[in-house]
Q: 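Just dropping this structure here.
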Amino acid sequence: MIDAATGWTDDRVELLTKLWGEGLSASQIAAALGGGVTRNAVIGKVHRLGLSGRAKPGQNAAMRPAKARPVVPTPPQLEGGRTPPRDPEQLMRPTVVADDRWPVEEVEIPVSQRVSIMELRDTTCRWPLGDPSKPDFAFCGGRAVTGLPYCAHHCRIAYQPAAERRRLRA
DNA sequence: CCCTGATTCGC
DNA sequence: GCGAATCAGG
């Protein structure tokens, strides 16, 4: 194990810096980082890094009053209306984790809370589940992190730390 | 009540 | 260095 959850590893700091620079709020970044990191931890780190004092509070794309279309950061797959793989099994398991040995907690998504596209609210996690071409297609339906399209769990998957092969070499 | 970042201060 | 608690605010 590579002390991931403990302390700020290079890639976590990297992601923090990147997302902060993109204007995401501390809580949003905390959700993306996962590992029990709180927004306070993020803010504290931001200050220690001297990243504080961002441009303008509220000018962030992800925080703006969602008008026309909500900003969808990094859908691992299924972007656009494109229908990627035909294999339902693959769709059910967005293995974005790929080569990373990132400790993404395996949390089962309660099928019971899944919602259809009609039931999506702005605070509903839009993580796609299932085959879009089939009737059983639905979305995660969890409580999305404010300003982001996904719940905390799916944020961790959507916002993976920059692939750093540097350490992977080990 | 939801959220925001800023600061303090014991660890 | 870290982050919970707290503060000040929207």
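Throughout, a chain's letter reflects where its sequence line sits, starting with A, and its residues are numbered from 1.
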Q: Show me the protein contacts with nucleotides 5-8 of chain C, counting only N or O atoms at under 3.5 Å.
A:
unit_1: C/dA5; atom_1: N6; unit_2: A/N40; atom_2: OD1; d: 2.7

Q: Measure CG/A/L51 against P/B/dA6 and give the value in whole Å, please.
A: 11 Å

Q: May I have the distance from A/H47 (atom NE2) to B/dC9 (atom C1'), rounded to whole angstrom?
A: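 Result: 15 Å.
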
Q: With sequence neighbours left out, what residues match A/A138 under side chain to side chain contact (heavy atoms under 4.5 Å, CB included)?
A: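 Partners of A/A138 under the side chain to side chain contact (heavy atoms under 4.5 Å, CB included) test: A/R114.
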
Q: Given B/dC2, C/dG3, B/dG5, which nucleotide is nearest the side-chain atoms of A/I43?
A: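 Within the option list, the nearest is B/dG5.
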
Q: Could you state the CG-C1' distance from A/L19 to B/dT4, rounded to the nearest angstrom?
A: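 Rounded to whole Å, this separation is 17 Å.
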
Q: Give a yes or no on whether the backbone of A/V145 and the side-chain of A/Q28 come within a donor-acceptor separation of less than 3.5 Å.
A: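 Here the side-chain-to-backbone pair does not exist.
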
Q: Taking only the side-chain nitrogens and oxygens of A/K45, find out if one of them lies under 4.0 Å from OP1 or OP2 of C/dC2.
A: yes

Q: Just jot down the side chain to side chain contact (heavy atoms under 4.5 Å, CB included) partners of A/A144, sequence neighbours excluded, or say none.
A: none

Q: Under 4.0 Å from OP1 or OP2 of C/dG3: is there any side-chain N or O of A/W8 that close?
A: yes

Q: Residues in side chain to side chain contact (heavy atoms under 4.5 Å, CB included) with A/I43, at least two apart?
A: A/A26, A/R39, A/H47

Q: Looking at B/dC3, B/dT4, B/dA6, which one has an atom nearest to any side-chain atom of A/S25?
A: B/dT4

Q: With sequence neighbours excluded, tell me which residues meet side chain to side chain contact (heavy atoms under 4.5 Å, CB included) with A/T17.
A: A/V13, A/L49, A/L51

Q: Output the rounded distance in Å from CD1 (A/I29) to C1' (B/dC3).
A: 15 Å

Q: Nearest 0.5 angstrom please: A/E14 CD to A/L19 CG, how far?
A: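 One gets 11.0 Å once the value is rounded to the nearest 0.5 Å.
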
Q: Nearest whole Å is fine: how far is B/dT8 C1' from A/R48 CZ?
A: 12 Å

Q: What integer distance in Å separates A/R143:CZ from B/dC2:P?
A: 8 Å

Q: Does A/T38 have a side-chain nitrogen or oxygen under 4.0 Å from the phosphate oxygens OP1 or OP2 of C/dA4?
A: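 Yes, because at least one side-chain N or O of A/T38 sits under 4.0 Å from OP1 or OP2 of C/dA4.
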
Q: In whole angstrom, give the distance that lies between atom CG of A/L24 and atom P of B/dT4.
A: 11 Å

Q: What nucleotide among B/dA6, B/dG5, C/dG3 has an atom nearest to a side-chain atom of A/A26?
A: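 The nucleotide sitting nearest to the side chain is B/dG5.
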
Q: Please work out whether the ring planes of A/Y150 and A/W127 are parallel, tilted or perpendicular, with thresholds of 30° and 60°.
A: perpendicular

